[in-house]
Amino acid sequence: MADLPQRQTDIGPPHYMQFLPPVAQKNYGQWKYHEQLSGGSMVHVAESGDKLWTVRAASPRLISTDFIRGLTALADKYCGGHLRFTTRHNVEFLVSDESNLKPLMDELKQKNYMVGGIGDGISNIVHTQGWVHCHSAATDASGLVKVLMDEFADYFTGTKTLPARVRFAVACCTNMCGAVHCSDIAVVGIHRKPPTIVHEDVKRACEVPSTIGSCPTGAISPDPANKSVKIKEEKCMYCGNCYSVCPAMPISDPDNDGVAIVAGGKIGSLRSNPKFSKLVIPYLPNNTPKWPEVVAAFRTILTAYENGARKHERLGEWIDRVGWEKFFSLTGLPFTHQHIDDFTIARETYRTSAAFKW
Amino acid sequence: MADLPQRQTDIGPPHYMQFLPPVAQKNYGQWKYHEQLSGGSMVHVAESGDKLWTVRAASPRLISTDFIRGLTALADKYCGGHLRFTTRHNVEFLVSDESNLKPLMDELKQKNYMVGGIGDGISNIVHTQGWVHCHSAATDASGLVKVLMDEFADYFTGTKTLPARVRFAVACCTNMCGAVHCSDIAVVGIHRKPPTIVHEDVKRACEVPSTIGSCPTGAISPDPANKSVKIKEEKCMYCGNCYSVCPAMPISDPDNDGVAIVAGGKIGSLRSNPKFSKLVIPYLPNNTPKWPEVVAAFRTILTAYENGARKHERLGEWIDRVGWEKFFSLTGLPFTHQHIDDFTIARETYRTSAAFKW
Amino acid sequence: MSQKKYETPLLDELEKGPFPSFVTEIKTAAAKNDSANDLLGVLEQCYRERRTHWKHGGIVGVRGYGGGVIGRYSDVPNEYPGVAHFHTVRINQTSGFFYTSKALNDICDIWDKYGSGLTNLHGSTGDLVLLGTKTDALEAIFAETSSRGWDLGGSGSAMRTPSCCVGPGRCEWSMIDTLDITYALTQEFQDELHRPAFPYKFKIKTAGCGVDCIASVARADLSLIGTWKGDIQIDQAEVKNYAAKGMNIQGEIIDMCPTGCMSLNGGEIAIDNSNCSRCMHCIAKMTKALRPGKEHGATIMVGSKAPFVIGALLSHVIVPFMPLEPPYDNLKDLIRKMWEWWDEHGKNRERIGELIVRRGMREFLEFLELDPIPQMVFEPRRDPFYFWTEDELNK
Amino acid sequence: MSQKKYETPLLDELEKGPFPSFVTEIKTAAAKNDSANDLLGVLEQCYRERRTHWKHGGIVGVRGYGGGVIGRYSDVPNEYPGVAHFHTVRINQTSGFFYTSKALNDICDIWDKYGSGLTNLHGSTGDLVLLGTKTDALEAIFAETSSRGWDLGGSGSAMRTPSCCVGPGRCEWSMIDTLDITYALTQEFQDELHRPAFPYKFKIKTAGCGVDCIASVARADLSLIGTWKGDIQIDQAEVKNYAAKGMNIQGEIIDMCPTGCMSLNGGEIAIDNSNCSRCMHCIAKMTKALRPGKEHGATIMVGSKAPFVIGALLSHVIVPFMPLEPPYDNLKDLIRKMWEWWDEHGKNRERIGELIVRRGMREFLEFLELDPIPQMVFEPRRDPFYFWTEDELNK
Ligand code: SRM
Ligand code: SRM
Ligand code: SRM
Ligand code: SRM
Ligand code: SF4
Ligand code: SF4
Ligand code: SF4
Ligand code: SF4
Ligand code: SF4
Ligand code: SF4
Ligand code: SF4
Ligand code: SF4
């Protein structure tokens, strides 16, 4: 490796300013308003009157260098080489010259890019590694994203709209790298059996105190005889956190792993405070490659929302307005023991009021 | 005691029906509506058209047999001997004959009874024993009730009204026998120093495991040397529960005992769910006999409510609408570390939103 | 009776002002009773020193009962011998606190004879509290009262004296017979009331509707709250009357309906009953125009209590709707089962609400054979951590 | 290159449909890269068996750094030797994810040479993720990227790569310079980013306004959210334009304002700014007519994270308003102090939000020398259990 260039350390990322299109550099922080032009395009207008057009297209996030080169070629052709990615993994072409807008969109269409993701619909899905790269995964992420985005493509492209944004997320285990906990509708991979303990490996590979400390329910205790740990199985709710900390406690079990669906979360402070997502379906199987049950569940929830919500009302706001009891009756989703919280703030979820709907 | 009548056991209370006025027996469960006639009188009208008038008067609850005989004499004179007490310790004269209504009210007035407590004002105060009868008391109850009801008498009699009912309560220690935890405004007696441990007495009088178990913060541990317990003082928040369980741990300290003021609770399900009261003033001294600081604090809170609330809006509903940050600025009450929860559900009270008022 | 004469400058301040004075009451009793007189003395001292002068109660009571009397001793018995013992006797009040003059006078007579002449009408659990007597008077008091048809209330780790709102006795909204339910439960569970055998206290309060004038949702281990099924009954003529009399129906009623299920069209109220949460606001404010639907029953809630040890709790729904007709066997069975579970798992001084929080609702519901339904919670759990049984996995 | 040819009937299903296919991407990379090809193989097996085939990562990295690379090994290395090692390299993305074609093409060239040719744009923390390489390629990748001006992002118990919304780069509502703050903090804390020395990870996300397009409030130990003081600026002519274009201003804006502080009078909007909570709803929906007030700064919030161990947390307010101007010393000092407290008290694998919950907000605020104010909580505590210091008692 003698021909390698001189490494540098602690330089941090390159300065952002050089990547902004000139019009954005000039009007930096001086934007006045924007207008949505279509499901996948918008224009931002500066105080100066200057304009910057954005065309957004879907990316599966897990992309090849060829895919990237395809994007940069388009950026070179229409955007002076300027493009960005969004916080939801979409790509945005930053167009400074209006005359490039239509040709860009035409070429995107012709090349089968999926243009959209702007406005009140369904944008790309925040997600995670899954079976592509993570040892912890109870499900795959990319596959779920693919089947969900296919199903709801019309809401991405703008062919159909919704009362407000509906944000999906997927996390392949309860570590929740895909920010499921505040999403309108989301999937999270779960296990349903306690881990097995490979005692010889615990001895070798695991630090006993942090393994014990990792268990949210205190199910793990030392097993001095084996120089290992033991699990009180009736206290284990299969979260897999011990496995994160101690590789000698594998928990994966294809027949019982699967996903849960949560819903009703949001992030922004508009109208109502940020909200956690809540459990709506405790388990659906990993029915690969297309998770039809998951797709159907999303459809059910989305349809109920679409029919019930007022304009600008996020999914969780709609549910809060009509009540969770109504959500379950409108969607027909079964309510089970798993729905009733028994974790740290459980009692705050108990219905301490006689006012509820039948 | 040979001349005592034959005792009976497990007979339970006398049957209620015999105590109801005949018109209430006849129209039992067949009431149609009621009308408030004044701050202290109302009429209930049955489906049959029959009417039952009620005149309500204040009682200090801690009353002598002579006081009771005074009431029964009036009931005999105007109500065929029928009277009742309310869940807030007021007395109600149950008038079946309209012609008795005015004479009764006149006589009550002439005898200086305080008639009122009906409608949107301040009714009597749910309260407790205090120094009159309880070993646990960090303050007195009857005295606080007296000075508060004197101060707000006009809101009892109906001379003044409020946007909605405002319910006061007083509890002389954190056992909270006076149901402070869901009151519009309430007082609760508190300590501010850890208990002392009288080791010899612990040995004799206390069960160590339940003493340890009584501590909400886990501050107590065994002290085997002394056959007693010890307290980790920095974990003690002076609740006195250990003293309830173990008399050998006295906690009373006149210079540091006093009261806290809580507000914003409610019980009924009307409009909004039942709500807990929240801490608004962490400490006021036991400035006997008149607790002027407490009275002033109630006045401050009540005035802010009166000025700010909409009709039918309870104090806690008003606060929830304007926000607690606004409550503190409107009342000018200081906000301290004590206000920020650090107990079991603390984190649910943290403001997890950037939307708040300056 | 030659009494010590106490100067009470501090307490005297509390005889001024419009509200009837407890000090005056103590003085009234003191005029004929040494105990009451010594109470005055010790109370003045308490006000002076800003601290209590009572000691922890010892266990005192009447033969065959484990509760009903709160033992209380002074820590300065030599100075105030009249309150050296100063126990309270809890008399089980009547349902809805209805009395006749005769009944109360009887009790006054007994109490003047054997006690301090001071009472609380009522204790905050609901008992008729006779305040201050000596250990050796207890049997006499019990004989006198019980022979006249009265019994003791609860104390200690027992069922406590149940209480209720005025209900059908005088209220148009009562959808259950609060007075009768309270009476029936009290009678049914006499043993549980009088002989403490539970992990801790157990309180029952019954409210005829969600207005909850007995504070059941906040102060009872078992809260029974009347409610209805079916449509709210509307008398449109009366709606118009309210408007004619100046009520701002839109602002006061429609806009304050928490579910937004009401509307006002041409002066008439329309209600989307499927979205009504039966909060009672509109009915309470327009009693002549609106009445609950016709099918009546109760929402059964459990677990409220004061803050110790894990923080105050409100009761939560476990049965959204239970028809309640005499002899209330459905309710009694449910209560017995609750107790069975609590008895088995509850630690000493652990209320049932705390036990449910500790062990989770699932076990409790399964024991009661109640299916989980969304009405039991405000919202489902947030964190995806939960249990599965072998059964659930295999199906 | 003579590759093993994998049959992927299950994955092939995921090449159908309108959304771009990650399977197609893997296949594209596989055409020229053995690792990508073996990834295809093992992934098909995962889909067949419905389980992962990765093992816990060992510690791998580049010289002098403690993070930035996630080690990953296959549990079936013999069948898929190309993914026996399959580490990811986290490249610190640019502020706001702005790139030029040239910059990205450079990275692609390097990655084609040393890695699988597969990437994630971006990881959900924000890094530009290069997906799949071998241990012995790491130094080369680092030399190639760093010499071109790129650096690694964070992993392990370190500050993680900060990220932000597009902010002033393209958004009219950004009240802080999200891009610059993110850049400045990343530069300032290079050591904390590259050499894990904290109890656990620490994430920073900066949003220009309460809309929070970077999900800062939910996914960052430190959430910086732009906001304003002063009155919302109203352009009444534009208000009328919105109405003219058919917007139902009353229903969509006024009635949806959570504080009820807006009104519409004669087609003009009036706002009682003292009651506005700056939620951003009206401004976002009427961008031409309404603009934030003129004094800008950030609300500083701490503590959000995923569910382990005590349940998911959202960030909570600790400084309601902090002006943020370069060089951001006020913010940097605050961050350092936070870390100091967390370092001192945090257990292994305890996030700062969990530590605050465990030890209570008081200690944290006192350490930061922040006075308690009501804006820090939704509501004050309910149970009257709290501490006093000697100081407080004596005054
Ligand atoms: C590009 C992006 C920022 C970035 O730095 O990458 C962005 C850009 C804009 N957002 Fe956003 N938001 C972006 C992620 C988010 C997120 C974060 C997320 O989804 O994880 C949120 C929070 C969602 C939540 O609350 O759960 C978000 C909630 C909003 C909202 C609030 C919607 C609501 O009413 O609740 C607005 C305001 C609106 O549209 O009225 C908004 C508005 C906007 C505006 C109009 C701001 C502006 O004036 O430029 C931008 C274009 C809107 C659009 O996409 O329709 N953006 N926006 C992100 C695009 C992601 C994507 O590819 O879809
Ligand atoms: C007599 C009593 C029941 C009893 O069995 O003793 C009673 C009786 C009535 N209540 Fe009550 N309430 C009584 C305690 C309560 C309580 C319990 C408490 O205060 O601890 C509450 C719950 C308070 C709370 O939510 O914190 C209570 C909340 C109400 C309300 C709801 C007010 C609201 O809008 O939030 C109404 C309905 C109304 O007035 O619109 C109501 C209405 C009524 C009506 C009108 C019911 C009726 O049609 O007969 C009765 C006369 C009203 C009045 O006093 O103005 N009553 N009422 C209690 C009188 C106590 C007293 O002496 O003041
Ligand atoms: C007399 C009464 C207060 C009053 O002046 O009205 C009262 C008085 C006492 N209560 Fe109470 N409680 C009384 C109603 C309540 C209530 C209100 C209610 O029942 O609606 C509560 C709150 C609701 C609840 O049960 O949680 C209440 C919660 C407590 C507690 C806390 C229990 C808990 O689980 O947190 C204790 C402590 C204990 O049990 O050791 C307690 C203990 C006590 C003791 C026995 C003191 C002790 O620690 O041993 C007090 C005896 C005082 C005395 O010397 O007379 N008292 N107690 C009330 C009973 C009268 C009656 O029978 O009608
Ligand atoms: C790559 C990435 C997912 C993705 O596909 O985008 C990821 C991948 C992993 N995360 Fe994550 N996390 C990623 C963003 C997140 C996020 C989201 C965020 O940062 O906004 C979260 C939730 C927010 C949070 O921090 O709480 C997240 C919460 C976790 C947790 C739980 C931490 C906790 O305190 O509860 C773990 C467990 C751990 O730290 O051991 C974890 C652990 C992991 C590990 C290292 C697995 C492990 O247990 O060792 C994963 C490595 C997968 C792999 O082989 O590549 N990851 N992780 C994201 C980082 C890419 C990047 O640098 O841009
Ligand atoms: S969510 Fe779990 S399985 Fe998925 S990438 Fe994160 S740690 Fe791995
Ligand atoms: S899987 Fe979760 S609950 Fe079960 S033992 Fe491991 S850490 Fe504990
Ligand atoms: S609140 Fe405390 S001091 Fe007052 S009566 Fe109850 S136990 Fe005694
Ligand atoms: S006073 Fe309360 S906190 Fe202090 S030791 Fe006793 S029980 Fe524990
Ligand atoms: S709770 Fe309901 S039924 Fe009972 S008195 Fe109050 S309003 Fe009437
Ligand atoms: S009872 Fe309550 S929810 Fe039902 S219509 Fe009336 S106000 Fe609305
Ligand atoms: S968070 Fe606010 S400033 Fe940042 S992109 Fe979103 S709307 Fe614009
Ligand atoms: S920012 Fe929110 S609170 Fe303020 S006026 Fe607009 S909608 Fe109302």
Side-chain angles (χ1 to χ4, degrees), chain B residues 1 4-14 16 19-20 24 28-29 31-33 44 60-66 68 72 75-76 81 84-85 87 114 126 131 135 137 142-143 146 149-150 153 176-177 179 181-182 210 216 241 247 252 254 267-271 274 286 288-289 343-344, chain C residues 10 13-14 17-20 22 25 28-29 46-47 50-52 54-56 92 94-95 97-101 104-105 108 112 117 120-121 124 140 143 146-147 149 151 168-170 172 179 186-187 190 210-212 214-215 217-219 258 279-281 287-288 306 308-312 314:
Chain B
M1 307 238 183
L4 285 178
Q6 178 58 43
R7 81 207 291 269
Q8 294 185 273
T9 58
D10 298 308
I11 57 171
Y16 53 92
F19 298 113
L20 267 57
Y28 192 79
W31 302 102
K32 195 166 172 201
Y33 66 87
H44 283 78
R61 191 182 85 126
L62 169 47
I63 52 182
S64 64
T65 47
D66 283 5
I68 299 174
T72 58
D76 281 334
R84 74 179 286 272
F85 292 82
T87 60
M114 194 165 146
V126 171
W131 296 332
H135 66 290
S142 308
K146 169 69 177 149
M149 289 307 294
D150 281 346
M176 280 205 187
C177 304
H181 60 298
C182 297
S210 47
N241 204 32
S252 158
I267 284 162
S269 61
L270 299 87
R271 299 171 304 283
N286 275 328
T288 54
F343 197 48
T344 36
Chain C
L10 293 172
E13 286 297 310
L14 297 173
F19 190 72
F22 73 103
E25 293 305 309
T28 305
C46 292
Y47 268 68
R50 292 167 296 128
R51 54 159 301 207
T52 188
W54 302 105
K55 294 200 298 185
H56 259 71
N92 195 141
T94 55
S95 276
F97 314 103
F98 280 96
Y99 295 97
T100 55
S101 297
L104 285 178
N105 291 344
C108 290
D112 281 341
N120 284 148
L121 266 67
S124 58
S146 71
S147 63
D151 203 341
R170 196 197 51 200
E172 66 265 36
L179 305 181
T186 311
Q187 293 294 349
Q190 281 290 302
V211 170
D212 198 358
I214 187 72
V217 79
R219 289 158 61 187
C279 83
M280 284 296 299
H281 171 72
T287 181
K288 291 185 183 174
F308 288 119
V309 181
I310 59 167
L314 287 161

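The chains referred to below are lettered A, B, ... by the order of the sequence lines, with proteins before strands, and numbering in each begins at 1. Note that these values count all heavy atoms, side chains included, but never hydrogens, waters or copies made by symmetry.
- Most heavy-atom pairs under 4.5 Å with chain C: of the set B:Met176, B:Lys32, B:Gln8, B:Lys146, this distinction falls to B:Lys146.
- Looking at B:Thr288, its side chain does come within 3.5 Å of a backbone N or O of C:Tyr47 through a donor-acceptor pair.
- Closest non-hydrogen pair, B:Val126 versus C:Ser124, comes out as CG1-CB, 4.2 Å.
- Note: B:Ser269 leads B:Ser269, B:Gly268, B:Ala137, B:Pro216 in heavy-atom pairs under 4.5 Å with chain C.
- Within the 3.5 Å criterion, the main-chain N or O of C:Cys108 finds no donor-acceptor partner in the side chain of B:Thr65.
- Contact annotation for B:Met114: only side-chain heavy atoms (C-beta onward) come within less than 4.5 Å of a heavy atom of chain C.
- Proximity to chain C is limited to the side chain of B:Ser252, based on heavy atoms less than 4.5 angstrom apart.
- In terms of heavy-atom pairs under 4.5 Å with chain C, the best-connected choice from B:Gly81, B:Ala153, B:Gly29 is B:Gly81.
- With a 4.5 Å cut-off on non-hydrogen atoms, B:Thr9 touches chain C through its backbone and its side chain both.
- For C:Asp151 (side chain) and B:Gly12 (main-chain N/O), a donor-acceptor pair under 3.5 Å exists by modelled atom type.
- If you measure heavy-atom distances from B:Phe343 to chain C, the contacts under 4.5 Å come from the side chain alone.
- Judged by the 6.0 Å and 45° rule, B:Arg84 forms a cation-pi pair with C:Phe98.
- Among the candidates B:Asn241, B:Ile267, B:Leu20, the residue making the largest number of heavy-atom pairs closer than 4.5 Å to chain C is B:Asn241.
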**Message:** If you apply the rule side chain to side chain contact (heavy atoms under 4.5 Å, CB included), what do you find for B:Gln6 with C:Ser147, and how did you get there?
**Reply:** CA-CA 6 Å; B:Gln6 178 58 43; C:Ser147 63; 5.8 Å; no
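- Ring orientation note: the planes of C:Tyr99 and B:Phe85 are nearly perpendicular, at an angle over 60° on the 30°/60° scale.
- Separation of atoms CG (C:Asp112) and OG (B:Ser64) is listed at 8.5 Å; rounding is to 0.5 Å.
- For the atom pair B:Tyr33 OH and C:Glu172 CD, the distance stands at 10.0 Å (nearest 0.5 Å).
- A heavy-atom distance below 4.5 Å is not found between the side chains of C:Lys55 and B:His135.
- Your options are B:Asp150, B:Asp10, B:Asp66, B:Asp76, and the one with the most heavy-atom pairs under 4.5 Å with chain C is B:Asp10.
- Put simply, the side chain of B:Thr344 gets close to the backbone of C:Ile310: a donor and an acceptor are under 3.5 Å apart.
- Residues B:Trp131 and C:Arg50 have side chains in contact (heavy-atom distance under 4.5 Å, counting atoms from C-beta outward).
- Between the side chain of B:His181 and the backbone N or O of C:Ala312 there is no donor-acceptor pair closer than 3.5 Å.
- Scanning both residues, B:Pro13 and C:Gln187, for their nearest heavy atoms gives O-NE2, 3.4 Å.
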